[in-house]
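Values reported hereafter were calculated over all heavy atoms of this structure, with side chains retained and with hydrogens, waters and symmetry mates removed. Just so we're on the same page: letters track the sequence lines, and every chain starts at 1.
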Amino acid sequence: MSDITSHKVNIRLPDSSIRTYDGPVTGHSIAADIGAGLARAALAAKVDGKIVDLQLPIEKDASVSIVTLKDPDVLELLRHDAAHALAEAAKELFPNIQVTIGPAIDDGFYYDFSREDPFTPDDLESMETRMREIVDRDEVISREVWEKDQAIQYFESVGEYYKAKIVADLPNNEPITIYRQGEFTDLCRGPHLPSTGRLGKAFKLLKVSGAYWRGDSRNEMLQRVYGTAWRDKKELDGYLHRIAEAERRDHRRLGREMGLFHQQEEAAGMVFWHPNGWQLYRTIEAFVRTRLEEGGYIEVKTPQLIDRSLWEASGHWDKFRENMYSMESEEKTFALKPMNCPGHVQVFRQELKSYRDLPLRMAEFGSCHRYEPSGALHGLMRVRNFNQDDAHIFCTEDQINVETEKFVRLLLRIYSDFGFDDVKAKFSDRPQVRAGTDEIWDRAEKALKGAIESIGLDCELNPGDGAFYGPKLDFVLTDAIGRQWQCGTLQVDFVLPERLNANYIGQDGDKHRPVMLHRTVLGSFERFIGILIEQYAGHFPLWLGPVQAVVATITKEGDQYAEIVADQLSNAGLRVRTDLRNEKIGYKVREHSLAKIPIILAIGKKEAENGTVSLRRLGYKEQESLVLADAVTRLRAEASIPV
RNA sequence: GCCGAAGUAGCUCAGUGGUAGAGCAACUGAUUCGUAAUCAGUAGGUCCGCGGUUCGAAUCCGCGCUUCGGCACCA
């Protein structure tokens, strides 16, 4: 054992000053040296960027900063400590409970417990109360390093078999760190706060759910308690407000209120589109169709129900049979298509193709069925029957780069038109098990990467996550309240053209295999519409609004003129309704505002006499008086699909 | 699929073994009114489904379905 105490330790502080200590020094001592105030505020030390316990000796030269509540990184520490306080509370309240793991997560923490009886809402409340008591007790949190065998023995002796298992599965050379607070002893990597009092009280337990031990559905189910923790009450309230905001935007609620769609148990996971919702759907489809036409795509339509033999040839029967709907007829087995690609290859194969036909971009708004597990269904976001804005680009390897670039530009433009400007790409390269030679993979990966680079898109790497048939790019957009949605994708496929025998005649007169690029922008119409509803909280931009304007009369004297106004707007291509009911204008305004109609045109005696309209926009109180012809010109421009 | 919770009028919800309720929406009538609720009246129920316990079930028990929150899954 070396004598570390004889070494001088140089500590560089954030202001670049250097303090030299004779031997190891703790973050706590450094803070105390700097000032009593900092020592009181100190929660942890950041040593070369890594957060460690305040009491942990720093044994060699390092850059050190003292972590206080001001440091945003402290949140993870607080949340992890909150998880420990929860575990301590649970152990005190429920003697037979076993603790497992309890990490910090985005916005909070959870802890997985093993216990016979399910937690009740009352249990949640009593655990939270006990956590607050533990904070008041201000128990010192201390760290120890144990031998592996000692730790296993200890946890088995106290009936913590999950913990013992976790320790047993740790690598032999790894030090086993044990944290104690009060009576609670836990295996934990740390770091932690100096004492439970430092956690503060800006936390809240939120919900209980099931979770598989080690995330594997073959294992037993544990009970997971979720909570949130913040630096102060204001941050906590802000978070709770954000949750409420997300709820307010819930597409299932808005979908019902706005008369867009409904779902019912006889068709679980499927959508009944109502007139307003279907109008929205058609607008989106028409818009995407114009973009595809501009992008040089051709559109096709292929069968829903296809004989099993084709699915066997494509490989789907083998891999996804469990998730395909199939039926017997004419003593054959048919399956509803889960994807459009095999159908597209059939269209491609119909006439002998030349290299001059490539790239051939074949699009279909295809209706697909997939059996999704019942627990996965969620409004429009996860359904069993969905429609993709699907296309397959048949091209040569050399064309992958340029086609990728074209596609990404098309995708970014479409997203931007829908109001999504924050887009990230995720690049997944070759998986362990794959088809195709390394040379082909090299070229394909290079082509995809090159395209992303030339566009300058923010790109994250997902190593080894590509499909077995080729590398892929996934596109993630961020919505108005910061949530991320993976929508678009582009996948390079070397396998399907082979399996389904697609080929073209090259310049050399020989047959060659095309590469297929599978690509979608929206992903599924259903899901994308769900995202749009939540993005806009139902307040769609004018071009998307199912009903764009309502012409509402103030008295009967306006009826005739209101019809003229509505006709003119309708002739200009707007989706417009009249409201001639015998109701007060205030009542009509309220009703159409709640229905989220973007434009209300009020028509009274004055407007009828002057040939004007009084225009009111959703979300605004002000009105604007316009000459009818001007209103028509202006609204026509605003209401048409983006060009 | 798994764990937990829920399912009562179109919607939000009350109703713990004894005649199924409220508010809003709907419908009818009156009111002709200037930008987020005019007044009055009427109608509306397989209390998720099936079975059981009971003199009697929305209510208690069992099975199933769907939904919700997670977990697992997502070609």
- Query: Does A:Gln279 CD have over 12 foreign heavy atoms under 6.0 Å away?
  - Reply: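 Counting neighbours around CD of A:Gln279, more than 12 heavy atoms of other residues, nucleotides or ligands fall under 6.0 Å, so yes.
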- Does A:Arg252 put a side-chain nitrogen or oxygen below 4.0 Å from OP1 or OP2 of B:G69?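 So the side-chain polar atoms of A:Arg252 do come within 4.0 Å of the phosphate oxygens OP1 or OP2 of B:G69, strictly under.
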[X]: what forms a ring-ring contact (aromatic ring centres under 6.0 Å, His included) with it, not counting sequence neighbours?
{"X": "A:Tyr239", "value": "A:Trp230"}
{"X": "A:Phe272", "value": "A:His262"}
{"X": "A:His80", "value": "A:His84, A:His192"}
{"X": "A:Tyr226", "value": "A:Tyr110"}

- Query: In residues 254-273 of chain A, which ones come under 4.0 Å of RNA chain B, going by heavy atoms?
  - Reply: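 Per residue number, the list reads A:Arg256, A:Glu265, A:Ala268.
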- Would you please classify the geometry between the A:Phe365 ring and the A:Phe525 ring as parallel, tilted or perpendicular, with 30° and 60° separating the classes? perpendicular
- Reading 5' to 3' through nucleotides 70-75 of chain B, protein heavy-atom contacts under 4.0 Å coded B for base, S for sugar-phosphate only, - for none: BBBBBB
- Message: Please encode protein proximity along nucleotides 35-43 of chain B as a string of B, S and -, counting only heavy-atom distances under 4.0 Å.
- Response: BBBB-----
Watson-Crick or G-U wobble mate for [N], both contacts under 3.5 Å:
{"N": "B:G56", "answer": "none"}
{"N": "B:A25", "answer": "none"}
{"N": "B:A30", "answer": "B:U38"}
{"N": "B:G17", "answer": "none"}
{"N": "B:A43", "answer": "none"}
{"N": "B:G69", "answer": "B:C3"}
{"N": "B:C74", "answer": "none"}

Rounding to a whole Å, what distance do you find between [X]:[atom1] and [N]:[atom2]?
{"X": "A:His274", "N": "B:G10", "atom1": "NE2", "atom2": "P", "value": "14 Å"}
{"X": "A:Phe119", "N": "B:C3", "atom1": "CZ", "atom2": "P", "value": "17 Å"}
{"X": "A:Leu124", "N": "B:A5", "atom1": "CG", "atom2": "P", "value": "13 Å"}
{"X": "A:Glu116", "N": "B:G4", "atom1": "CD", "atom2": "C1'", "value": "16 Å"}
{"X": "A:Leu222", "N": "B:G4", "atom1": "CG", "atom2": "P", "value": "13 Å"}

- So what does A:Arg384 touch, heavy atoms closer than 4.0 Å: a base, only the sugar-phosphate, or nothing?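 The residue A:Arg384 makes no contact with any strand.
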Expected list for residues 593-603 of chain A: side-chain donor-acceptor pairs under 3.5 angstrom, two or more places apart:
{"residue": "A:Ser593", "atom": "OG", "partner": "A:Val589", "partner atom": "O", "Å": "2.6"}

Considering only atom [atom1], compute the distance from [N] to [M] and round it to an integer number of Å.
{"N": "B:G45", "M": "B:U38", "atom1": "C1'", "result": "30 Å"}
{"N": "B:C3", "M": "B:C63", "atom1": "P", "result": "12 Å"}
{"N": "B:A43", "M": "B:A9", "atom1": "C1'", "result": "11 Å"}

- Query: If you look only at pairs with a residue in residues 605-623 of chain A, which of them pass as a salt bridge (Lys or Arg N to Asp or Glu O under 4.0 Å), with sequence neighbours excluded?
  - Reply: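 Passing the test, one end in residues 605-623 of chain A: A:Arg617-A:Glu638.
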- If a pair satisfies salt bridge (Lys or Arg N to Asp or Glu O under 4.0 Å) and one of its residues is in residues 307-322 of chain A, list it, with sequence neighbours excluded. A:Arg308-A:Glu312
- Item | For A:Glu498, side-chain contact (heavy atoms from CB on, under 4.5 Å) partners two or more places apart |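 So A:Glu498 forms a side-chain contact (heavy atoms from CB on, under 4.5 Å) with A:Arg513.
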- Message: Could you work out, with side-chain contact (heavy atoms from CB on, under 4.5 Å) as the rule, every residue matching A:Met339, not counting sequence neighbours?
- Response: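 In terms of side-chain contact (heavy atoms from CB on, under 4.5 Å), with neighbours along the sequence ignored, A:Met339 is linked to A:His316, A:Cys341, A:Arg370.
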- Item | Side-chain ion pair, A:Glu403 and A:Arg361, N-O less than 4.0 Å |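 So A:Glu403 pairs with A:Arg361 through a salt bridge.
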